[in-house]
Peer 1: 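Just dropping this structure here.
Chain identifiers are assigned alphabetically (A, B, ...) following the order of the sequence lines, protein sequences preceding nucleic acid strands; residue numbering begins at 1 within each chain.
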Amino acid sequence: MSSVDPIRVGSVSEVPEGEALLVPAATTGTVPITVFHAEDGEFYALDDRCTHGAASLAEGWIEDDQIECPLHGAAFCLRTGAALTLPATVDTRTHRVEVDGEDLLLYPGTPASS
Amino acid sequence: MSSAGPVAQPDADPVTGPVMIVGGSVAGYTVASRLRQHGFTAPITLIDPEGLPYERPPLSKQLLLGETGPEDLALAGTSWFTEHEVELVHARVESLRLGPAGAEHTLTLDDGAELTAATVVLATGATPISLGIEVDDDAPSANDPSADPRVLTLRHRDDVTALRQILDAAHHTGRPARIAVVGAGVLGAELASSLTELGAEVVLFAGPGIPASALFGRRIAARLHAQHTDHGVHVFPEYAGSVRLHSSSNTKPSSDPTSTGVEVLTLSGAAVPADAVISAIGISPNTWLAEEGGLELADGIIVDADQRASHPDVFAVGDVARHEQAPRRTEHWQHAIDTATTAAAVIAEATPPSPGPEWFWSDRYGVHVEAIGSLRAAAADHPATGYTVVHREDPAHPEKLATFVLDDAGLLVGAASIDDPLAVRAARRIIQRGLVVDPDQLADPEVSYKALAR
Ligand SMILES: Cc1cc2nc3c(=O)[nH]c(=O)nc-3n(C[C@H](O)[C@H](O)[C@H](O)COP(=O)(O)OP(=O)(O)OC[C@H]3O[C@@H](n4cnc5c(N)ncnc54)[C@H](O)[C@@H]3O)c2cc1C
Ligand code: FES
């Protein structure tokens, strides 16, 4: 699944701190992925769909290094994708994001840590 | 939601004996998992006749609708229990004998086994309240009407199977099942929604007025209640008094709705026929073990802010517990998690997180609704004296609606929303942080919720 070439998904100024950018499946080539601009200034990317149900994490609440699902409140770690609270019991996937000047580059399928 | 985030540091391990947790649903399981997160090393046993813990909220929604299978509801599998050295016992606790504080306490299981504990956690939840039943002498269930398959409640996985069987049986006769849902609170409304989506004909006994007004505020409750009629549910503005069972059961194909076997009798004397009746009129806490143990009860096991019952070695969490100061018991998922998180911290001698305001959600007819804190002051057409009620409506998103209640000091006390969950996410932070917010800004869809919660 890991893709070598990054995709330019938007510009830094389009995604203020605390906001998220949903990248549709048509662009990622796999599943929808959301790029989050955390309050520490960093960008993170996770699979958009909550592992608990049919929610889009792009619509959740970003705080510290966590995203809280808009439906039933499960929290995921933006850095690791770990499911931190019930009702989610399954971790989600991270994807690598890079900032290149003004550009936001996403590596769909490449874990953040690699 | 106050429990967002892992419990970070393992705390110093206090010297304690075994912890026995009675009831292994979300509250009981959360106590066990939080104890281990705290680095608690004493033996932990979770006892529940239902076995592995599972989540109940999808029972009336995704599971009934067939969108998820029973296996998707698991909160933890057997490997979790092995890894965390938590023993899972499939049994019902039949009796509880409490010794003096600090002494051993004894639990007797339905298979006769006896377990001893230093600390007992009661997480026994609640049981749906049944309707009164009258039976014809020749009805198949005349001896035990409560066991009649046409009279249902919804609390356990098996209840969903039973309800699906009724729908399937009617399906074979070539006509939709006619289901009477009694009670139009959160559960009754979800059932009406799921059952109509499954093609059943639903008669909803809602009582007079707009149900759930105190839970969601009048505006939101009214909009939600109107959904039933919009989706073809027959809304009966009356309370059901009891159920009459006839010998003709729903297995007998018939186009005559009066021979379906069940009649719901309303307080005004009407008799409404149905294939089956499901009561969603409330739950009563499973307190009999606590009663046997001599604990203080009042519609629930009375607990202090640490979730400690009237015996120092006993804790109660989730739906069965009631805070001594609270006007009523809380029966929601997040409350089960929060109370369990507190009890685990206290047992592990760690500092409990401060619990957040009461929060819950409900999903029906494709909309997501949430409420936090108290909406009671918005229950009527006019706000209660001393309170301000504001609504946020967004012309660009007419499906969304949010209601906020502020007290006379300008502090937010409650919020509810339809399809606008960030309203409630923001409200939680505003309430917890004690922020004073401008009502005009709350009402203005141009103002971001994040900005208000900062
Ligand atoms: C159909 C349905 C839909 C719901 N939807 C929502 C929702 O959308 N949002 C929301 O916030 N909340 C919802 N809830 C409420 C939420 O599920 C409950 O608040 C929560 O399950 C309470 O957890 P608990 O662990 O306290 O009790 P329970 O879940 O009731 O579990 C109690 C457990 O104790 C066990 N037990 C009882 N007696 C004994 C004994 N003597 N020995 C051993 N074990 C025993 C039982 O077998 C049971 O497993 C819903 C509930 C139901 C039933
Ligand atoms: S869908 Fe995300 S917590 Fe349920």
Peer 1: Chain A heavy atoms under 4.5 Å from B/Tyr449: which part of the residue, side chain, backbone, both or neither?
Peer 2: both
Peer 1: Which value, rounded to the nearest 0.5 Å, describes the distance between B/Arg425 atom CZ and A/Glu59 atom CD?
Peer 2: 11.5 Å
Peer 1: Using heavy-atom distances under 4.5 Å, tell me whether B/Ala74 contacts chain A through its side chain, its backbone, both, or neither.
Peer 2: backbone
Peer 1: Tell me if the CD atom of B/Glu85 is crowded by more than 12 foreign heavy atoms within 6.0 Å.
Peer 2: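 Count not over threshold, so no.
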Peer 1: Taking atom CG of A/Leu86 and atom CD1 of B/Ile337, what is their separation to the nearest 0.5 Å?
Peer 2: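 A/Leu86 atom CG to B/Ile337 atom CD1 measures 4.5 Å (nearest 0.5 Å).
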Peer 1: Whether the B/Glu55 and A/His72 side chains hold a donor-acceptor pair (N or O, under 3.5 Å, no angle test) is what I'd like checked.
Peer 2: no
Peer 1: Chain A: which of B/Ala453, B/Pro57, B/Ala426 shares the most heavy-atom pairs with it under 4.5 Å?
Peer 2: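 Most heavy-atom pairs under 4.5 Å with chain A: B/Ala426.
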Peer 1: Using every non-hydrogen atom in the two residues, find where B/Pro421 and A/Pro70 come nearest and quote the distance to one decimal.
Peer 2: CB-O, 3.1 Å
Peer 1: If you take all heavy atoms of B/Trp333 and A/Pro87, which pair is closest and at what distance?
Peer 2: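 Result for this residue pair: CZ2-CB, 3.6 Å.
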Peer 1: Examine whether an atom of B/Tyr54 lies under 4.5 Å from a heavy atom of chain A, and if so say whether it belongs to the side chain, the backbone or both; otherwise answer neither.
Peer 2: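 Neither part.
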Peer 1: With a 4.5 angstrom heavy-atom cut-off, which part of B/Asp363 approaches chain A: side chain, backbone, both or neither?
Peer 2: side chain
Peer 1: Please assess A/Thr89 against B/Trp80 for the test side chain to side chain contact (heavy atoms under 4.5 Å, CB included), listing each intermediate value before the final yes or no.
Peer 2: CA-CA 11 Å; A/Thr89 55; B/Trp80 183 89; over 6 Å; no
Peer 1: Working to the nearest 0.5 angstrom, can you tell me the gap between B/Lys450 NZ and A/Glu17 CD?
Peer 2: 11.5 Å
Peer 1: Please flag which part of B/Ser448 lies under 4.5 Å from any non-hydrogen atom of chain A: side chain, backbone, both or neither.
Peer 2: neither
Peer 1: Backbone N or O of A/Leu71 within a donor-acceptor pair of the B/His368 side chain at under 3.5 Å?
Peer 2: yes
Peer 1: Indicate yes or no: does B/Arg429 engage A/Glu63 in a salt bridge with an N to O separation below 4.0 Å.
Peer 2: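 The answer is yes: the pair qualifies as a salt bridge.
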